[in-house]
Amino acid sequence: VTHPPNTGSDPLHLFRRECISRKLCDGDGTRRKGAHWVLSIAANASADNANTEPPNLRTVGIQRLSSDGIDFCVKKGSRIASQLQQLESSPNG
C-alpha cells in the first residue's frame, strides 16, 4: 500500500483508513465481497449549467479507493454519467 506524503491531512487517505477500519474494503482499497459501500454524488441538474434546478443526487456503489481517487459505477446514458464524463475530459478535470 502506497501513501501520499503527509497522509494525515489527505482527505482521501482519511476516508480510506476509516473504510478499512469498518471492513468495507481491504488494505488495497478494494471493496470486500458483500460489503454495502455507497457514496452520494450531487451534480448540477440543469442541462445548461445555469443552476436553475436543484442538484441531481445519486447514490453510487464504490468499487475501490486508491491514491488516484474513488472508483465507482454509474448507469451509462444518465445525466450524472454525462456530467462526470464532461468533467473528466475538461482541461481542469
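Please read these numbers as outputs of a predicted model, since none were measured by experiment. These values consider heavy atoms only, across backbone and side chains, with no hydrogens, waters or symmetry-generated copies.
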*Asks:* I'd like to know if Phe72 and Leu39 are part of one continuous hydrophobic network [Ile/Leu/Val/Met/Phe/Trp/Tyr, side-chain heavy atoms within less than 4.5 Å].
*Replies:* yes
*Asks:* If only atom types and distance count, is the side chain of Arg16 paired as donor or acceptor with the main-chain N or O of Gly27 below 3.5 Å?
*Replies:* yes
*Asks:* Which atom pair, heavy atoms only, marks the closest approach of Lys23 to Arg32?
*Replies:* O-CD, 3.2 Å
*Asks:* Taking atom CZ of Arg22 as the centre, does the number of heavy atoms from other residues, nucleotides or ligands within less than 6.0 Å exceed 12?
*Replies:* no
*Asks:* With hydrophobic residues grouped by side-chain heavy-atom distances under 4.5 Å, do Ile70 and Ile41 end up in a single group?
*Replies:* yes
*Asks:* Determine whether Ile62 and Phe15 make a side-chain contact, defined as any pair of heavy atoms from C-beta on separated by less than 4.5 Å.
*Replies:* yes
*Asks:* Between CZ of Arg64 and SG of Cys25, what distance do you get to the nearest 0.5 Å?
*Replies:* 11.0 Å
*Asks:* Indicate yes or no for a side-chain donor-acceptor contact from Asp28 to the backbone of Thr30 under 3.5 Å, with no hydrogens or angles considered.
*Replies:* no
*Asks:* Can you name the closest pair of heavy atoms from Arg17 and Leu14 and give their distance?
*Replies:* NH2-CD2, 3.2 Å
*Asks:* May I ask you to test the Arg31-Trp37 pair for a side-chain heavy-atom distance under 4.5 Å?
*Replies:* yes
*Asks:* How far apart are the closest heavy atoms of Leu12 and Ser67, and which atoms are they?
*Replies:* CD2-O, 4.0 Å
*Asks:* Check Ala35 against Leu24 and note the closest heavy-atom contact, atom names and distance.
*Replies:* CB-O, 3.7 Å
